[in-house]
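Just follow the structure's listing: the first ligand is 1, and inside any ligand the first atom is 1. For the numbers below, each heavy atom of this structure counts, side chains included, while hydrogens, waters and symmetry mates do not.
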Amino acid sequence: MSIVVTGATGHLGRHVIEQLLETVPAEQVTAVVRTPEKAADFAAKGVKIAVADYNSPETFDNVLAAGDKVLLISGNEFDKGRPAQHQVVIDAAKAAGVALLAYTSAPGTLTAALADDHRSTEKALLASGLPYSLLRNGWYNENYTENLAPALEHGAVVQAAGDGRLSTASRADYAAAAVAVLTGEGHENTTYELGGDEPWGFAEYAAELSRQTGKEIAYNAVSVEALTGILTGVGLPAPLAAILAGVDASIEKGELLVTSGDLARLTGRPATPIAESIAVALKG
Ligand SMILES: NC(=O)c1ccc[n+]([C@@H]2O[C@H](COP(=O)([O-])OP(=O)(O)OC[C@H]3O[C@@H](n4cnc5c(N)ncnc54)[C@H](OP(=O)(O)O)[C@@H]3O)[C@@H](O)[C@H]2O)c1
């Protein structure tokens with residue numbers, strides 16, 4: 001029996017593997033990766049490395065085994081049909097007879113187009129009849145704090161979310177929840193709505209940035225159309241820009257507010273506040 005993590009060399013996957021290694025022996029952990037060179041540090045620690053690609057079903061032959069607990073980390077190739085990619089892992093898990101297939105999804109309240117792939121994958125996972133756990137991750141603090149340069153340069157946080165608030169947490173927090181589900185008992189057929197403890201809005205975010213940098217940084221609330229134009233202006237493909245700007249419309253409606261308390265319950269500690277992630281990003 002192994003704990004198997006796909007997308008293991010991504011940002012979230014790295015946190016999951018590192019935290020698993022604090023809890024279980026390395027030989028019980030399998031990292032599924034596309035590029036083994038990127039996983040050399042895991043291999044050096046004794047983690048098993050399996051090379052597979054969501055685009056090639058045959059690469060998943062023999063990767064999963066009966067009794068495994070598997071974390072399917074959603075892919076990031078928006079143009080390649082993520083539901084079909086995720087189906088490849090679901091089919092392989094079904095054929096192997098895994099004990100649990102956990103999937104990193106999006107909040108159940110999110111109606112933005114970005115959630116469509118997640119809803120399709122959830123449906124496929126439920127239809128498979130496998131023991132599942134839906135880890136409906138809210139937004140990452142890092143979605144904002146890893147891209148501080150434009151706000152610092154222009155003295156403005158530009159979003160299209162009006163006065164909307166959202167419940168974010170750090171990737172490490174969501175990874176801790178996944179590790180709790182993969183290493184704990186009784187998580188079969190569960191749905192967790194995961195998000196931070198203290199919701200915040202972009203005016204507060206700009207104020208916190210001002211406080212920590214000593215610079216005047218304002219929140220410039222623009223329309224979804226204007227934000228789409230700004231994102232295409234910095235080189236994003238138009239469909240992706242529209243999808244990302246569409247998330248702000250959902251934030252304004254409160255669709256990324258998470259009130260379940262599931263994240264803190266699973267991890268046994270409060271989530272990382274946005275101010276802490278800002279401080280980490282400013283130091284880095
Ligand atoms: N909740 C949020 O705020 C939020 C924000 C952004 C993304 N997400 C979702 O959560 C996922 C994890 O987040 P993250 O920050 O870890 O994203 P990330 O760093 O972009 O990681 C994506 C992972 O998916 C793997 N992957 C992509 N296409 C694949 C394929 N065809 N076959 C096998 N593996 C493939 C990547 O492999 P490589 O390492 O080889 O590139 C990478 O490990 C994202 O992929 C996305 O679906 C959520």
**Fill in**
Note: Arg82, heavy atoms under 4.0 Å from ligand 1, region reported as side chain
**Prompt:** Leu12 heavy atoms, cut-off 4.0 Å: which ligand 1 atoms fall inside?
**Reply:** 14 (P), 16 (O)
**Message:** Has Thr6 got a side-chain atom pairing as donor or acceptor with Ile73's backbone, closer than 3.5 angstrom?
**Reply:** yes
**Prompt:** Near Lys38, which atoms of ligand 1 are under 4.0 Å from a heavy atom of that residue?
**Reply:** 38 (P), 39 (O), 40 (O), 41 (O)
**Item:** atom 27 (C) of ligand 1 - nearest protein heavy atom and its distance
**Value:** Asn76 OD1, 3.1 Å
**Asked** Honestly, is Arg34 close enough over Tyr54, meaning NZ or CZ under 6.0 Å from the six-membered ring centre and within 45° of the axis?
**Response** no
**Asked** Can you tell me which residue and heavy atom of the protein come closest to atom 19 (O) of ligand 1, and the distance to 0.1 Å?
**Response** His11 ND1, 2.7 Å
**Message:** Looking at Gln87 and Ala124, would you say the former's side chain and the latter's main chain have a donor-acceptor pair under 3.5 Å?
**Reply:** no
**Item:** Flag, side chain of Ser277 to backbone of Ile274, donor-acceptor distance under 3.5 Å
**Value:** no
**Prompt:** Can you tell me if Asn137 uses its side chain to pair, donor with acceptor, with the backbone of Ala106 under 3.5 Å?
**Reply:** no
**Prompt:** So, the side chain of Asp53 versus the backbone of Asn55: is there a donor-acceptor pair under 3.5 Å, distance only?
**Reply:** yes
**Prompt:** At under 4.0 Å between heavy atoms, which part of Val32 makes contact with ligand 1: side chain, backbone, both or neither?
**Reply:** neither
**For Ile73, the ligand 1 atoms whose distance to one of its heavy atoms is below 4.0 Å** = 11 (C), 12 (C)
**Request:** May I ask you to identify the nearest protein heavy atom to atom 10 (O) of ligand 1, giving residue, atom name and distance to one decimal place in Å?
**Result:** Tyr140 OH, 3.2 Å
**Message:** Which residue and atom name correspond to the protein heavy atom nearest atom 1 (N) of ligand 1, and how close is it?
**Reply:** Gly138 O, 3.0 Å
**Item:** Structural part of Gln85 in contact with ligand 1, heavy atom criterion under 4.0 angstrom
**Value:** side chain
**Asked** In the protein, which heavy atom is nearest to atom 41 (O) of ligand 1, and how far is it?
**Response** Arg34 NH2, 2.8 Å
**Request:** Output, in order, the C-alpha distance, side-chain angles, deciding distance and verdict of side chain to side chain contact (heavy atoms under 4.5 Å, CB included) for Thr121 and Arg82.
**Result:** CA-CA 8 Å; Thr121 303; Arg82 291 189 299 166; 5.9 Å; no
**Complete:** The closest protein heavy-atom partner of atom 44 (C) of ligand 1 is Ser74 O, 3.4 Å
**Item:** Sole residue of Gln28, Lys48, Glu27 in side-chain contact (heavy atoms from CB on, under 4.5 Å) with Ser2
**Value:** Lys48
**Message:** Just to be sure I'm reading this right: ignoring hydrogens, which of Thr59, Asp53, Leu256, Leu194 gets closest to atom 31 (N) of ligand 1? Compare them by their nearest heavy atoms.
**Reply:** Asp53
**Item:** Protein residue, atom and distance nearest to atom 25 (C) of ligand 1, heavy-atom basis
**Value:** Gly7 CA, 4.0 Å
**Message:** Any side-chain to backbone donor/acceptor pair from Thr59 onto Ser56? Under 3.5 Å, distance only.
**Reply:** yes
**Request:** State whether the side chain of His118 and the backbone N or O of Tyr103 hold a donor-acceptor pair below 3.5 Å, judged by distance alone.
**Result:** no
**Asked** So, Asp262 side chain and Glu193 main chain: donor-acceptor pair closer than 3.5 Å or not?
**Response** yes
**Complete:** the protein heavy atom lying closest to atom 39 (O) of ligand 1 turns out to be Thr9 OG1, 2.7 Å
**Request:** For atom 17 (O) of ligand 1, decide whether some protein heavy-atom distance is shorter than 4.0 Å.
**Result:** no
**Asked** Within less than 4.0 angstrom of ligand 1, does Asn55 place any heavy atom?
**Response** yes
**Prompt:** Counting N and O atoms only, with roles assigned by atom type, does the side chain of Thr191 sit under 3.5 Å from a partner on the main chain of Leu134, one being a donor and the other an acceptor?
**Reply:** no
**Asked** Numbering the atoms of ligand 1 from 1, which are under 4.0 Å from a heavy atom of Gly10?
**Response** 16 (O), 19 (O), 21 (O), 39 (O), 42 (C), 43 (O)
**Fill in**
Short version for Glu77: what comes under 4.0 Å of ligand 1, heavy atoms counted, is side chain
**Message:** Taking Asp91 first and then Lys94, would you say they form a salt bridge - that is, a charged N and a carboxylate O separated by under 4.0 Å?
**Reply:** no
**Item:** Atoms of ligand 1, numbered as shown, that sit under 4.0 Å from any heavy atom of Arg171
**Value:** 15 (O)
**Item:** Per-atom contacts of ligand 1 with Trp139, taking only distances under 4.0 Å to non-hydrogen atoms
**Value:** 1 (N), 3 (O)
